[in-house]
Amino acid sequence: MAKIRTSTASAALPSDVESEDAHGTAPAEMLSISQRAMRRNAEPYLDALNPEQREAVETLDGPLLVLAGAGTGKTRVLTTRIAHLLRLGRANPGQILAVTFTNKAAREMKQRVSGLIGGVVEGMPWLGTFHAIGVKILRRHAELVDLKPSFTVLDTDDQIRLIKQLLEAENIDEKRWPARVLAGMIDGWKNRGLRPERVPDGESYGFANGKGRALYSAYQRRLKDLNAVDFGDLLMENLRLFQDHPDVLERYQQRFRYMLVDEYQDTNVAQYLWLRLLAQTNANICCVGDDDQSIYGWRGAEVDNILRFESDFPGATVIRLERNYRSTAHILGAASGLIAHNQGRLGKTLHTDGDDGEKVVVQGCWDDEEEARVIGEDIEQLQRQGHTLNEIAILVRASFQMRAFEDRFITLGLDYRVIGGPRFYERQEIRDAIAYLDVTLNPSNDLKFERIVNVPRRGLGDATLKSLHQLARASEIPLTQAARLIVETEDLKPKPRRALSALLSSFDRWRSLVDTMRHTELAELILDESGYTGMWQADRSQQAEGRLENLKELIHFMEEFDTLAGFMEHVSLVMDAATEEGTDRVNLMTLHSAKGLEFDTVFLPGWDEGLLPHQRSLDEAGRSGLEEERRLAHVGLTRARKNAKISFAQNRRTYGMWQTAVPSRFIDELPHEHVEVAEDNGTASMRGYGPSRFDSEEMFATGNYETPGWQRARANRQRGGGPRHEPITIEGTLVAASTAEGSGIQLGQRVFHQKFGYGRVASIDGNKLTVDFEKAGRKKVVDTFVEPV
DNA sequence: AACTAATACTTTTTT
DNA sequence: AGTATTAGTT
C-alpha cells in the first residue's frame with residue numbers, strides 16, 4: 001500500500017494501491033506536439049500507460065486475456081479500460097459488467113474509475129463481486145427458480161446447523177460423518193456447478209456410505225422451504241436461471257456489452273460457466289489474471305480456466321504485462337527463477353528497468369523462536385535506519401506461525417497488526433445480533449431464530465426446542481409460528497411458556513417499529529430489550545468488552561444504509577473488518593491474505609519442507625499441490641519492493657512434539673546470483689544456544705539498554721502499556737528459578753509486567769503470583785518479574 | 001444450568 | 001502443547 005509517494009507523472013490519477021507510477025517509456029513522446037496535444041485533450045488517462053497496458057485498454061472488441069504478472073499494473077488497466085469505454089461512448093455505466101472476488105477490490109475499482117472520469121458518472125451498478133452481482137440478478141427473477149424475492153442468504157453457521165438437522169433426521173452418526181464435512185462437499189460440488197443429480201457416484205459414496213447425493217438434494221429442498229440460498233447457490237441458481245430461461249439470459253447478454261473479470265485465475269467452474277453464458281453472444285470479455293498467482297485451488301479455483309482461455313474463447317487476443325514497477329531486479333530474478341520450476345504455465349518473464357537492489361537474503365535459524373528473535377532484531381535495525389513499520393510485513397504460510405512473532409513483538413514492545421484472521425461478520429456477537437435483526441424482519445427464518453431463542457438464557461432449552469421442532473415439522477410451518485401455537489396450549493411448563501410468549505411479543509413489538517423508527521435506533525433497542533447487551537455487560541471475561549465494542553461498531557456500520565432491510569441485504573456479502581490505518585505498525589499475515597499487497601521489506605519465515613510446500617498440499621494434490629505451494633512462495637517474494645528475507649527453522653514443534661525440519665526445496669530453487677546467505681553474526685552470546693526464555697534478562701545480558709525495544713518498553717511503562725488490539729493472544733509460561741522471600745507484594749496489588757502489562761494480584765503462593773492481567777488474562781508469574789505500581 | 005473431565009482437533013479462507 | 005468443544009456429573 002503506497003502511501004508516501006509524491007507522484008508528479010500521474011498527479012491527475014488517484015493514488016495507486018499497486019505502485020504503477022514509474023513508467024519507463026512514455027508513448028506520448030513518439031508523437032508530434034500537435035498529436036500529443038490533441039490526444040491529451042481526448043484521453044489524458046492513456047498517457048499514463050506503457051505500450052502493452054495501452055494495448056490492453058484499447059483492444060475493446062472480442063475476447064481478451066490480459067496476463068498481468070505481479071506488480072505490472074493490472075488494476076490500472078482494468079480501471080482505465082472502463083474509463084475508456086465510457087469516454088468513447090461504447091457503453092454507458094449500466095452496460096458494463098465488472099466482477100471481482102473481494103469487496104475490497106470492488107470498492108477500490110469503483111473509486112479509481114470515478115477518479116479517472118472525474119466522478120461525473122453516477123455509480124456502476126454492475127461492478128461488484130460475483131456473489132453480489134449474483135444476488136442482484138437472482139432477486140429480480142427469484143420466482144423463476146422457486147424462490148421469493150425476499151430470500152435470505154445463509155452464512156456458514158446456518159448452513160452447518162441446517163445440515164446437522166438433516167443428519168439427525170436421517171439418523172446419521174454426526175461423529176463419523178460431521179456436518180462440516182458434508183457442507184464442504186456440497187460447497188465443492190456447487191463450485192463445480194454440479195446439481196445433486198449430476199454428482200458422480202464415487203463422490204456421493206464419499207459420505208455416509210452413499211447418502212451424499214441424497215443429502216445434498218434434501219439440503220436443497222430445505223433451503224427452498226426456508227426461502228434461502230447459501231453462498232454457492234448465488235452462482236448455481238444463476239446458472240439454473242440462465243439455462244432454464246433463455247429469454248432472461250438473452251436480456252443480460254444484450255445488456256452487458258462489455259465484461260471485465262479481475263483475478264481470472266481464481267475463478268471456479270461455476271463462475272466460468274456463468275461468464276461463458278453471459279459472453280456467448282457479444283463476447284466482449286476481458287479477463288485479467290496471472291496463472292502464477294493462483295493460490296486458491298483448494299477452494300475450488302481452477303487454474304485451468306485461465307490456461308484454456310484461448311480455446312474457450314476462440315479468436316481471443318492475449319496480452320502479457322511483464323514490465324514490473326514494483327520490485328528490484330534481484331527480487332524479481334529470484335521470484336522468476338523460482339516460478340520457472342512450475343510446469344503448465346502460460347509463461348511470462350517479469351523484468352524491470354529499475355535498480356538491482358539488494359539480493360534476497362536467506363537465513364537458517366535454530367528454531368521458530370530464534371527466527372522470531374532474528375526478525376525482530378532486523379526490524380529494530382530497520383527502524384533505527386528510519387524505516388516505517390507500515391512498510392514491513394511478515395508473511396507466513398500458516399497462522400500458527402504468527403504466535404512466535406506476536407510473543408516476540410509484545411516483548412519488544414513493537415507495534416504490529418494482524419491482517420486477515422476472523423472476519424468481523426464471523427464473530428459470535430455480530431452473528432447473534434444479526435440473527436435478532438433478521439428474525440425481526442423475517443420471522444420465518446428458522447435458523448436465525450434457533451440461534452437466539454436461548455441467547456441470552458431464557459430457560460428455553462433443548463426440551464422446549466424439541467417440542468417446537470416437532471410441531472413445526474408436523475404442520476410444515478416455521479418455528480416462530482409453531483411457537484405461537486404452542487404457547488396457547490398446555491404442552492410447555494409454565495416457565496418456558498411464559499418466556500417464549502414474552503419473546504414472541506417482543507419480536508412483534510420490534511417488528512411494528514420497523515417502519516417508524518430509525519433503523520440504527522431500533523437495532524439498539526432490540527439488542528437492549530432482548531437482554532443481549534446486558535448479557536455481555538454482565539460477563540466478566542476479558543473478551544466481553546471487545547464484544548460490546550464490536551456491537552457498537554455494527555450499529556455504526558448500519559448508518560451507511562438507509563433501512564434495516566437494506567443493511568440486511570448487504571450484511572452477509574459485504575462486511576469486512578476495517579483495517580485500522582494511521583498508526584505505524586508491522587504487518588503480520590498469511591501469504592494468502594498478502595495477495596494484492598506490497599511492502600518495502602518482506603520477511604518470509606518458515607520456508608521449511610512440510611510447511612512451505614505444505615505437507616497436506618503435497619499429500620492431497622501431488623504435483624499440482626506442489627506447484628500451488630510454489631506459486632504461494634512466488635506471491636510472497638513479489639510482495640517486496642526493496643528487500644526480501646527468507647528464513648527457515650531447523651527445529652519446529654508440530655502438535656507439541658519437537659521435530660527436525662529440513663529447509664524448503666524452494667530455497668535451493670532460487671537462482672544463486674540473486675541470493676545472499678546471511679552471515680551468522682547476530683547478537684554474539686545468544687547465537688546457537690536455542691531459545692532464551694528470559695527476555696528481560698537477555699537485555700541486561702547483552703548490555704545494550706539503548707535498543708529501540710528497550711526505549712519503547714520504557715516509554716510504554718510511562719504511558720501505561722499502550723493500547724493493544726483484539727487478535728493478540730498472549731501466551732507464555734515463565735519458567736523461573738525460585739527466590740526465597742516475598743517482595744512485599746500484596747493481594748489485590750496493581751502490578752506491571754514486561755510481557756503482560758498491567759494487572760491485579762489474585763493470589764500469592766510464596767514468590768509465585770497469580771495475576772489477572774488486563775489484556776493478557778490470568779497468568780502465573782514469579783514476583784521478580786512484576787513491579788508494583 | 002453450571003461445573004469439571006475427557007476428548008478431539010490443530011493449512012490456507014475472497015463470498 | 002494447547003485449546004476448544006463436548007460429555008458427564010452435581
Side-chain angles (χ1 to χ4, degrees), chain A residues 99-108 128-135 153-156 159 174-176 178 180-181 184 187 190-191 229-236 262-263 265-268 270-271 293-301 368 395-403 419-423 425-426 428 454 456-464 495-496 570-577 589-597 606 608 610-621 625 628-629 631-633 635-636 652-659 729 731-733 777:
Chain A
V99 274
T100 63
F101 274 84
T102 63
N103 296 305
K104 191 171 159 232
R107 261 197 310 270
E108 192 178 301
T129 63
F130 276 101
H131 293 83
I133 291 171
V135 189
V153 182
L154 298 193
D155 57 44
T156 17
Q159 208 181 338
E174 228 245 281
K175 277 269 132 61
R176 260 197 87 189
R180 37 178 322 113
V181 171
D187 221 44
K190 289 184 177 177
N191 283 161
V229 295
D230 63 19
F231 276 123
D233 281 341
L234 294 178
L235 260 292
M236 282 294 281
D262 191 17
E263 306 277 19
Q265 78 283 352
D266 288 337
T267 51
N268 60 36
Q271 286 157 343
Q293 290 188 65
S294 162
I295 54 175
Y296 283 104
W298 52 276
R299 274 292 257 113
D368 53 342
L395 312 181
V396 297
R397 170 68 245 257
S399 46
F400 74 82
Q401 291 174 264
M402 288 186 190
R403 206 225 260 175
I419 297 183
R423 313 217 113 37
Y425 175 70
E426 275 158 16
Q428 185 192 337
N454 205 28
R457 297 247 128 89
R458 312 186 161 87
L460 299 170
D462 285 349
T464 315
K495 234 199 284 173
H570 285 271
V571 75
S572 55
L573 295 173
V574 294
M575 221 166 85
D576 30 38
M589 70 195 89
T590 64
L591 286 164
H592 282 90
S593 36
K595 196 171 74 161
L597 305 177
D608 301 10
L611 182 56
L612 188 41
H614 199 283
Q615 194 55 48
R616 203 136 145 189
S617 264
L618 264 32
D619 293 344
E620 280 170 13
E628 181 154 315
E629 296 289 309
R631 290 193 289 267
L632 213 38
V635 165
R652 201 174 283 280
R653 265 197 298 206
T654 359
Y655 306 145
M657 246 116 53
W658 281 101
Q659 291 201 299
T729 46
E731 239 336 293
T733 325

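Heavy-atom basis, side chains included; hydrogens, waters and symmetry copies ignored. By convention in this document, chain letters (A, B, ...) are assigned in the order of the sequence lines, proteins followed by strands, and residues within each chain are numbered from 1.
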Exercise. Which nucleotide, dT12(B), dT14(B), dT11(B), lies nearest any side-chain atom of Glu620(A)?
Worked result: dT11(B)
Problem set entry | Whole-Å distance separating the NZ atom of Lys104(A) from the P atom of dT14(B) | 11 Å
Exercise. To the nearest Å, how far apart are Asp368(A) CG and dA1(C) C1'?
Worked result: 12 Å
Exercise. Rounded to the nearest Å, what distance is computed from the CZ atom of residue Arg631(A) to the P atom of nucleotide dT11(B)?
Worked result: 21 Å
For this session: Provide, to the nearest angstrom, the distance between the CZ atom belonging to Arg180(A) and the P atom belonging to dA4(C).
Result: 14 Å
For this session: Check every strand shown and say whether Arg457(A) touches a base, only sugar-phosphate, or nothing at a heavy-atom separation below 4.0 Å.
Result: sugar-phosphate
For this session: Would you classify Gln271(A) as touching base, sugar-phosphate or nothing, given that sugar-phosphate means primed atoms plus P, OP1 and OP2, and contacts are heavy atoms under 4.0 Å?
Result: nothing
For this session: Please work out if Tyr296(A) contacts a base, only the sugar-phosphate, or nothing of the nucleic acid, heavy-atom cut-off 4.0 Å.
Result: base
For this session: Go through the N and O atoms of the side chain of Arg616(A) and the base of dT10(B), and report whether any donor-acceptor pair is under 3.5 Å.
Result: no
Problem set entry | Interatomic distance, Asp266(A) CG vs dT12(B) C1' [rounded to whole Å] | 13 Å
Seminar exercise, completed: Closest to the 5' end of DNA chain B, once Arg458(A) and Lys595(A) are matched to their nearest nucleotides, is Arg458(A)
Exercise. Mind checking whether Thr590(A) and Met402(A) have side chains closer than 4.5 Å, heavy atoms only?
Worked result: yes
Exercise. Taking all atoms of both residues into account, what is the closest heavy-atom pair of Asn191(A) and Arg299(A), and its distance?
Worked result: OD1-O, 3.1 Å
Exercise. From dT15(B), dA1(C), dT11(B), pick the nucleotide closest to the side chain of Arg653(A)?
Worked result: dA1(C)
Problem set entry | Spacing between Asp619(A) atom CG and dT11(B) atom P, to the nearest angstrom | 12 Å
For this session: Please work out if Gly232(A) contacts a base, only the sugar-phosphate, or nothing of the nucleic acid, heavy-atom cut-off 4.0 Å.
Result: nothing
Exercise. Taking for each residue the nucleotide of DNA chain B with the nearest heavy atom, is it Gly459(A) or His614(A) whose nucleotide lies nearer the 5' end?
Worked result: Gly459(A)
Problem set entry | Out of dT11(B), dT12(B), dT15(B), whichever nucleotide has its closest atom nearest the side chain of Asn103(A) | dT15(B)
For this session: Please find out if less than 6.0 Å separates the ring center of Trp298(A) from that of His614(A).
Result: no
Exercise. Does Thr590(A) have a side-chain nitrogen or oxygen under 4.0 Å from the phosphate oxygens OP1 or OP2 of dT13(B)?
Worked result: yes
Exercise. When you compare dT5(C) with dT12(B), how far apart are their P atoms, in angstrom units rounded to a whole number?
Worked result: 16 Å
Exercise. Between Asn268(A) and Gln271(A), is there a donor-acceptor pair closer than 3.5 Å when you use the side chain of the first and the backbone of the second?
Worked result: yes
Exercise. Whole-Å distance between dT13(B) C1' and Glu628(A) CD?
Worked result: 12 Å
For this session: Rounded to the nearest angstrom, tell me the gap between atom CD in Gln401(A) and atom P in dG2(C).
Result: 18 Å
Problem set entry | Leu597(A) versus Lys104(A), closest heavy-atom pair with distance | CD2-NZ, 3.6 Å
